[in-house]
Each structure stands twice: as structure tokens, then as C-alpha cells.
Q: 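Structure incoming, see below.
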Amino acid sequence: MAEAVKQTGAGLRNVVAGESGISSIDGARGILAYRGIDIHELAEHSSFEEVVFLLHHGELPSRGELDQLRQDLASQRAVPGAVVEIQRRLPTSASPMASLRTMVSVLGAFDPDAGDDGPLARRRKSMRLVAQTATLVALVERLRRGLEPVPPDPTLSHAANFLYMLSARRPERVAEHALDVALVLHADHEFNASTFAARVAASTLAEVHGAVTAALATLQGPLHGGANEAVMRMLEEVGAPEAAERWVREALEAKRRVMGFGHAVYRTEDPRAIELRRLSLELAEHTGDRAWYDLSLRVEAAVRAAKALYPNVDFFSASLYRVLGIPTDLFTPVFAVSRVAGWTAHVLEQIDNNRLIRPESEYTGPRDVPYVPIEKRAARG
Ligand SMILES: CC(C)(COP(=O)(O)OP(=O)(O)OC[C@H]1O[C@@H](n2cnc3c(N)ncnc32)[C@H](O)[C@@H]1OP(=O)(O)O)[C@@H](O)C(=O)NCCC(=O)NCCS
């Protein structure tokens, strides 16, 4: 095993770390499929709720099953009052991702199935987490702005209800659709860093909320989920379309990473970026607010002219979320609102066929070092 890592280099690139029947990626051809169904088909025809069923159960639901899942999700959105009170105690200066990570852990302590790790309880907890992560994100946003939480509306879809809980206004159809498709696109992505973290935790038979907390901690970094926020900050820094070429050239010359480009697996365009570019344009045209979309296009063209790098899922998420009125530091939590569907599917799959994940390292430190008593150690510095 250590031999395989030595051959393939750092970051476990090209290492197959386990089996999974949830999603598959063909990095060379730019194909992503959930349970064998192409992501473009799902983006066009499906909904977040349907994708939750697909990821958790392995196939598309019948109409009755979908109705039931919609009802289950909608009826479990509220979080206990005590959880809201704990959230009120967190500093408003905490990053929304830090708050969300903390609050998912807190939610675990209040879960009606806490302490029950049987297969049915694990499924119930997984479904509740999918329902409640959106509520927690809206709660974090409302409370840090000194606003009262908006109770979930069970008549709305997951996407529409999330936007409603954020702003206290029912969204237009076009905004609901844009977010719904974005949630479909972000729901799972094979053994990405946060999903792998969730699986490592689950493989110890840790409980579902613990595994999702590990995933959230891992999603936060700018090389993973944090990239969508970094893209927005970059677009703000670029400022105007005519500044894009120079900004990109200088960034690449300075060996800076252009956020939202490149991918550990895709060697061609990320298929999710194709859908998000289209959605971002649709929303921009509908609202008449094209500035962020047009700027994104110029940055994309400048990067492509300079280097063989394609946009990834995070690049056009930024302009899309911005026009949806989502604050920049909420972009990564919004990613989590969707990815929790994948994380929990992976936790369930891992535990159903578990073996503790415990790789080896290649030791590169010194060997046979004698122990020197503290009084005989040379002073440093
Ligand atoms: C996602 C990412 C970490 C994958 O990286 P990786 O598989 O480890 O690829 P590497 O870091 O080995 O990069 C390979 C080459 O492409 C370059 N590269 C990759 N992504 C780049 C980017 N976004 N901007 C500039 N150069 C980039 C690297 O500098 C490296 O060039 P070199 O060979 O001249 O040193 C990387 O593309 C990145 O940092 N992207 C920006 C962050 C981001 O958008 N993350 C979200 C991922 S969905």
C-alpha cells in the first residue's frame, strides 16, 4: 500500500482509496454521473429532492417515493429552540463555515436518535441532516446580522425554502430554479477531500453528525469548498472586464493560483462549470445584472489564453450566488447545503460495507536517534 503511494506521489492522486457506487467521474472526458446518470441530464430534468433520493437509495424515486421524501425533508427542517439559543451565543465575527461546523455538531447532541447507531437511526439522522443543514445556514446568517430567524415553510421546495429563510421573501421561480440546479450539481463528487474525511470518520463507526462535522471542517479550505468565496473576492479585486487580462497575467507570473480554475481529477472542462455558466447567464439576463457574469467570462478567457486551465464548479457559482443575493462568505455553507446529501450517502455506504480506513505513510524522518536527557540537550536559538 505504501508502495502505491510512493509511485503516485503526494496528495493520493490516482490512488483508488475504496469502492463506491454513488458517483463516478471520467476526468479525461469531463463526465460526472450520480448512480450512473449523467449530471447534464440531472441538471436539466431533476430536482435536489430527487437527487437526495437517488444518492441515498441508488435509483430514481417513483412519484410516491418522491412525494414522501419531499414531505420528510420539509417536515424536519426546524431545529430545536435550544440549538437556536446556542447559535445566539456564538460570536457574530465567527466565519459562517466555522459556525455551521459547530452547529452541526451541536445538532447531533439534540438529535432524537442521538446514541442510536443502528442502520435505521443512521438513515433518519442522515435525512434530518440534509433537511436541517439549510436551516442552520439561514440561522447563522440571520443571527449574525441581528435579524430573527425565519421559520421554514413546508410548502416550499428545499431551494425556495432556503432562499426564503435567508431573506424572509419568497423567491421568484427563476431564482428557485437556479439554486435548485446548483444544489443538484454540488450534491456529490466521488472521493473529494470532504467526502473522504466523512468516510474516514464513518469507518471508525463514528456517528453521522460527527462524520459530517469532519466533512465540514475539510470543505472550508480554499483549495476545496472555500474556492467559491475566493473566486468572488478575486472578481472584486479584478474590478472591471478590461482589467481581467492584466490581472490574470500578473497573478500567473507571480505563481498565484487563479481561484475556480484547475481540478485534481478533470483534465478538461468540469461538466458542472458548463451548467453553472449557463445558469449564471440565465439569471444575469433575467435580473439585468450581467456585470459579474461578464467579468467572469473575461477572466475565463484570459486564463484560457495564458494556460491550459478550465473553470471548475466554483468559478461560475460565484457570479450565480452573487446575483441570487447570497453574501460571499455564505457561498461555502451553500455548497454544504447540497453536499450534505453526498456526505451522508457516503457515510451510509461506508458503514454498510465497512473496513476501518487506515493507510500507511512513508516515513522520511531520522531513525535510531538516541534519547538525550533534558539537562544534556543543547540550547536552541
Ligand atoms: C484544485 C487544485 C488544488 C488541483 O490541483 P492539483 O491537482 O494538485 O494540481 P497541481 O496543484 O499539481 O497543479 C498542476 C499545475 O497547474 C497549475 N495550476 C493548477 N491550478 C491552478 C490555478 N487555479 N491557477 C494557476 N495555476 C494552477 C499548478 O501551478 C501546476 O503548475 P506547475 O506544474 O507549473 O507547477 C488546483 O487546481 C487549485 O489550486 N485550484 C484553485 C483552487 C480551486 O479552484 N479549488 C476548487 C477545486 S473544485
Side-chain angles (χ1 to χ4, degrees), residues 5 7-17 23-28 30-32 34 39 97 182-198 215-238 244-277 280 295-296 298-322 328-329 331-339 342-343:
V5 174
Q7 284 164 12
T8 50
L12 297 181
R13 289 299 181 282
N14 301 318
V15 172
V16 173
S23 62
S24 58
I25 303 173
D26 180 336
I31 298 173
L32 165 65
Y34 297 164
I39 196 67
M97 267 310 271
L183 295 180
V184 166
L185 296 170
H186 284 82
D188 195 46
H189 209 232
E190 210 223 32
F191 276 20
N192 61 90
S194 56
T195 301
F196 194 58
L216 282 162
T218 312
L219 185 72
Q220 186 171 8
L223 296 188
H224 187 15
N228 54 13
E229 298 180 14
V231 169
M232 197 64 233
R233 285 191 289 273
M234 174 184 80
L235 293 177
E236 281 166 347
E237 203 183 308
V238 176
E245 251 170 60
R246 182 161 163 213
W247 192 96
V248 166
R249 197 179 52 246
E250 287 176 0
L252 292 176
E253 276 167 12
K255 299 263 175 239
R256 279 173 65 191
R257 299 227 158 188
V258 186
M259 288 293 147
F261 288 85
H263 199 274
V265 182
Y266 294 115
R267 291 294 156 249
T268 178
E269 187 158 28
D270 181 333
R272 302 165 300 174
I274 298 172
E275 296 294 340
L276 286 159
R277 188 193 288 105
S280 180
L295 179 56
S296 303
R298 285 290 282 271
V299 170
E300 182 189 13
V303 172
R304 287 300 307 284
K307 218 168 156 123
L309 279 175
Y310 295 91
N312 58 45
V313 69
D314 295 305
F315 189 63
F316 286 99
S317 302
S319 48
L320 182 73
Y321 294 164
R322 176 68 174 235
T328 302
D329 60 359
F331 288 5
T332 314
V334 172
F335 191 149
V337 166
S338 164
R339 186 57 61 86
W343 291 332

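Numbering of residues begins at 1 and proceeds along the displayed sequence. First listed ligand is number 1; within each ligand, the first listed atom is number 1.
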Q: Nearest 0.5 angstrom please: Glu229 CD to Thr332 OG1, how far?
A: 3.0 Å

Q: Can you tell me how far the CD atom of Glu300 sits from the CZ atom of Phe316, to the nearest 0.5 Å?
A: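 Reported to 0.5 Å precision, the distance equals 4.0 Å.
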
Q: Output the distance between atom CG (Leu320) and atom CG (Leu185), rounded to the nearest 0.5 Å.
A: 9.5 Å

Q: If I take atom CZ from residue Arg277 and atom CD from residue Glu269, how far apart are they, to the nearest 0.5 angstrom?
A: 4.5 Å

Q: Please tabulate protein-ligand N/O pairs under 3.5 Å for ligand 1, atom names and distances to 0.1 Å.
A:
from, atom 1, to, atom 2, distance (Å)
ligand 1, 7 (O), Arg13, NE, 3.4
ligand 1, 8 (O), Arg13, NH2, 2.9
ligand 1, 11 (O), Arg257, NH1, 2.8
ligand 1, 11 (O), Arg257, NH2, 2.9
ligand 1, 23 (N), Val258, O, 2.7
ligand 1, 23 (N), Phe261, O, 2.9
ligand 1, 24 (N), Val258, N, 2.9
ligand 1, 37 (O), Phe261, O, 3.4
ligand 1, 39 (O), Arg257, NH1, 2.9
ligand 1, 40 (N), Phe261, O, 2.9
ligand 1, 44 (O), Gly260, N, 2.9
ligand 1, 44 (O), Asn312, ND2, 2.9
ligand 1, 45 (N), Leu223, O, 3.3

Q: Report the residue from Phe196, Tyr266, Tyr34, Trp343 that forms a ring-ring contact (aromatic ring centres under 6.0 Å, His included) with His189.
A: Tyr266

Q: Can you label the angle between the His186 ring and the Tyr321 ring as parallel, tilted or perpendicular, going by 30° and 60°?
A: tilted

